[in-house]
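A short worksheet on the structure shown next.
A note on names: the letters A, B, ... follow the listed sequences, proteins ahead of strands, and every chain is numbered from 1. Since the model is a prediction, treat every value here as computed from it, not as a measurement.
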Amino acid sequence: MVSPSGPSDEKKPQPAQEENSDTLKYQLLGPSLTKAGQDAVDQQKVSEIIYEASKGSKFFNHEQERDRNLTVKIERIRKEKARLERLDLSHELRRADEYLAELESTRDLSQYVIHVDCDAFFAAVEELDRPELKLVPMAVGKGVLTTCNYLARKFGVRSGMASFVAKKLCPQLVLLPQNYEKYTAKAKEIRAIMAQYDPLFESASIDEAYLNITPYCVDNNMNPEEVVQQMRAEILETTKVSVSAGIAANAKIAKISSNQNKPNGQFRVANERSAIMDFMRSLPVRKVNGVGRVFERELSSIGIETCGDIYPHRALLTKLFGEKAFQFLAQCYLGLGRTKIEPVETHERKSVGTESTFHEIGDKEVIRAKLNWVAQELEKDMARTQFKGRTLVLKVKLHTFEVLTRQTAPPRAISQAKDLYAFALPMLVKLEKDIPGMKLRLLGLRCTNLVSTKKPGINFFGVVAAPPPSRPALIENSDGNTMEHEISAEEAFETAARQEIQDEMNDLEQLSQEAANIPDSPPAAKSINSSPPPQWDCPICGRAQAADDRLFNDHVDFCLSRQTILQAVQDTSDPSEQGFSSAPSRKRKPISQSSSDPRQKRLFFQ
DNA sequence: GCGGATCAC
DNA sequence: TATGGTGATCCGC
C-alpha cells in the first residue's frame, strides 16, 4: 500500500489508545535474539533503552506500523483458528497424519552432517591483530553493526543494531570498520582445513559451512564427536579462530546444534529417532532456520512455542498458514532435514542485484544520478557473474522506510548499464507520478530470469561481433516533465522491440560473444582456455570464478575493491565521482601460497 | 507474472 | 542526527 502522504506525516500525537508496546519493543530488539551471548542480559532493560533511543524516528514509525499490521493479522489468525475448531477437522487431521507418515518414511539416519560456525567471526579476526580488543566491548561495522564480541553482547549489543543505539547501550563500545580482505583471508585458511574433512563441503556464508563427515569417520575409524573435536582443535591451533559445531543426522539439526554450545563448543544430537524427537520437542520454533520474528509471533498466537507444540495443531496449520508452511512445520516436528551437502557452485543463481542507501533525496535529477550509478554497478555484477536478465526489478525505499518494487520485461535480455538505466527509468517515472513529492532513501536494481552468457567453450572465431546498434539513450533533459519521459520510454521499448526481431536469429551466439568482449569485466572473463579447469569459489561473492591462482586473485581483488567502494561511497552526494577517488588502493594477495594450494581444489568436476 | 513480505547472513 | 546489502522463497492476487 503506497502512502501518498509525502511530507504529510508529521508525527501525530498518537495518544488516544496507549497501545501495547511490548510487541513493538520485542520487534525493535532485532532479529538476532537467538544469537549466543544474550542469556545473562536483561532484555527488558535493553528493549527500554532501544525504544527510547529510537522513539519518534522515521524508522521507529515504520516499525510501529508494521507491528500494528502484524497485530491485526494475528487477530485474524486467532479468529480463524477459533472458527476452524468448531468445525469437523477429521479430514484435515487424517491428511496431516498421512503426510507425517510419508515424511517419516523418508527419514535418513545414515549420515553424519555437521554445521561449523565461527564465533563472532569478524570481531575474532580483529582481536587477532589487536589482542587488547579482547578486553573491551567491541563491534565491527559503521552505521549498522555486522558483529560484536562477547563482551559487547553482555550489554545487549548485537549484530544488525544501529551503532548509535549500540552506543546508548554501551557508551564505551569500540567500533571498527569492516576489513573484508582480512576476514576473507582468514576464512580461506579455515576452509582449507575443513576441506580435509570433506572436500565437497558447502559454504553457507563467509563464516559458516556444512560438511558431511561420514566418509571421514569411516576411513579413519573415528566417531563424529572425535572428528569434530579434532577439526575444531586444528582450526583453533592453526588459524587461532574458535569455531562451534553441531553434529546431527541432517543439516537442519546440525545448524541448530552449532548454536547450542557457542562459543567454542560442539553439540551432538544422536542419529536416533527418539533422540531427535526429544530434542525437537522442547526446542523453541524460533531456533529453527526459517522461523523469524513474524512467524514466531504468529505461531505463538495459536499456542505453538516449541516444535513439540506443532503436533497437536497439525490439523489447523494448512488452513492457517498454507501448505508450504504446514510441510515445513511437519519437518520441524519430526526433526527432518536435508542430508545432501554439496558445494555452492552447484546451485544455480536466480538473480543478480545491487542496491544502495543514501540520505533522503527528493530532487528528481539527483535521483536519476543515483539510478545511473546503481545501473553502472549492476552492469559490473552482471559482467562478473556472466548473466543477462530478461526481467529487471526496480526497488525503492521511501523516506518513510516503505519499500516498493516494480518490474518490467525488456524485449531482450539486458546487462549493460545504459539498458538497465533505460528500462528502469520509466518505472521510476511512474512511481514519481503516483507518489507526488516522492523522497527516497534507497534505490536498487535486480535482474531475474537470467540468461547465462558463459562461453560455451567452442566458437572462438567467426564472430559476427556486430554489437547491437545503440538504443536511444533516453537522456532526461534537466527539469523535464514526466510526459516527455514516458514518451521517450515508450520509444525505447519500440526501438528495442524492432531490434529484437533483427537480433533474433543470432541472439544467443551474440550473447556469449559479448560477454567475452566486455572490456571492463573482471579478468576471469578473459580466461578462454581449452580444457575445463577446476573452479575456485570467491570468498566474497561465493561463486566459482576462475581457473588459476592469478585470475582468482584478480577476481577477489575486484570483489574486494567493489565492496570497499560501495562502503566508502555510501551517503556521499555524488557517488559516481567520489566513490572511485576515495577507494583505497587495492592490495594484492600473494599468488599461490604453494603449501596451502592444491588440496583446496574441489573434486566435483567430472 | 507481479508486488509485498519474510528470512538468513 | 542516525537503522545495511544480497539473494531466495512464498503468498495472494
Side-chain angles (χ1 to χ4, degrees), chain A residues 1-2 27-28 30-32 34-35 50 53-63 66 69-70 73 117-118 121-122 140-147 158-168 178 180 203-209 255 286 288-298 320-328 344 347-360 374 377-378 381 385 390-397 399 401-409 427 431 441-450 540-543 559 562-563 566-567 570-571:
Chain A
M1 180 181 62
V2 175
Q27 181 92 354
L28 288 168
S32 58
T34 59
K35 296 284 183 182
I50 298 177
S54 306
K55 200 159 60 178
S57 69
K58 290 177 175 176
F59 175 81
F60 178 92
N61 291 338
H62 184 252
E63 291 297 300
R66 284 182 46 183
N69 291 340
L70 180 56
K73 183 180 175 191
D117 197 342
C118 300
F121 184 53
F122 293 180
V140 176
K142 274 282 166 19
V144 169
L145 307 186
T146 309
T147 190
R158 50 175 72 86
S159 66
M161 183 175 276
S163 47
F164 79 93
V165 173
K167 278 281 191 182
K168 280 250 179 5
Q178 287 179 355
Y180 268 100
S203 302
S205 71
I206 189 170
D207 70 336
E208 275 180 47
K255 166 77 179 169
R286 183 66 163 87
V288 181
N289 235 0
V291 179
R293 284 175 292 177
V294 171
F295 202 19
E296 177 190 31
R297 271 192 64 193
E298 292 176 357
L320 292 179
F321 302 114
E323 185 63 22
K324 291 286 184 186
F326 163 70
Q327 293 176 359
F328 171 79
V344 284
H347 301 160
E348 197 178 349
R349 179 191 274 272
K350 304 211 164 130
S351 73
V352 182
T354 301
E355 63 188 60
S356 103
T357 294
F358 35 73
H359 292 306
E360 250 175 58
V374 172
E377 286 301 301
L378 183 53
D381 287 344
T385 55
R390 293 200 164 279
T391 301
L392 178 64
V393 185
L394 172 73
K395 171 176 172 179
V396 302
K397 194 186 283 181
H399 68 116
F401 285 85
E402 186 179 4
V403 174
L404 305 173
T405 64
R406 293 293 181 269
Q407 58 179 310
T408 186
M427 297 190 277
L431 283 173
R441 75 186 323 278
L442 174 146
L443 261 178
L445 287 176
R446 177 167 298 271
C447 284
T448 64
N449 277 319
L450 298 181
I540 301 294
C541 66
R543 303 280 158 178
C559 270
R562 187 180 154 274
Q563 293 255 1
L566 280 179
Q567 200 182 342
Q570 197 172 324
D571 279 2

TODO: Classify the nucleic acid contact of A:Val393 as base, sugar-phosphate or nothing, counting any heavy atom under 4.0 Å across all strands shown.
DONE: nothing

Open item on the list: Under 4.0 Å between a side-chain nitrogen and a carboxylate oxygen: does that hold for A:Glu402 and A:Lys397?
Closed with: no

Task: Contact under 4.0 Å: A:Arg441 side-chain N or O vs C:dG4 OP1/OP2 - done: yes

Open item on the list: I want to check something: taking the side chain as every heavy atom from C-beta on, are A:Val396 and A:Leu431 in contact at a cut-off of under 4.5 Å?
Closed with: yes

Open item on the list: In whole Å, measure the gap between the C1' atoms of B:dC7 and C:dG4 for me.
Closed with: 15 Å

- [ ] Determine the contact category for A:Gly143: base if any of its heavy atoms lies under 4.0 Å from a base atom, sugar-phosphate if only primed atoms, P, OP1 or OP2 are that close, otherwise nothing.
- [x] nothing

Task: Residues A:Glu355, A:Lys395: salt bridge by 4.0 Å N-O rule - done: yes

- [ ] Assign each of A:Lys324 and A:Gly160 to its nearest nucleotide of DNA chain C by heavy atoms, then name whichever residue's nucleotide is nearer the 5' end.
- [x] A:Gly160

Open item on the list: With hydrogens left out and only the distance checked, is there a donor-acceptor pair under 3.5 Å joining A:Ser54's side chain and the base of C:dT3?
Closed with: yes

Open item on the list: Quick check: A:Phe321 with A:Phe295 (ring centres under 6.0 Å apart)?
Closed with: yes

- [ ] Quick one: label A:Phe60 by what it contacts on the DNA or RNA (base, sugar-phosphate, nothing), any heavy atom closer than 4.0 Å.
- [x] nothing

TODO: Examine C:dG7: is either OP1 or OP2 under 4.0 Å from a nitrogen or oxygen in the side chain of A:Lys395? Give yes or no.
DONE: no

TODO: Assign A:Arg293 to base, sugar-phosphate, or nothing according to its heavy-atom contacts below 4.0 angstrom with the strands shown.
DONE: sugar-phosphate

- [ ] Specify the residue among A:Phe321 and A:Lys168 whose closest nucleotide of DNA chain C lies further upstream toward the 5′ end.
- [x] A:Lys168

- [ ] Identify whether any heavy atom of A:Ser57 sits under 4.0 Å from a base atom; if not, whether one sits that close to sugar-phosphate; answer base, sugar-phosphate or nothing.
- [x] base

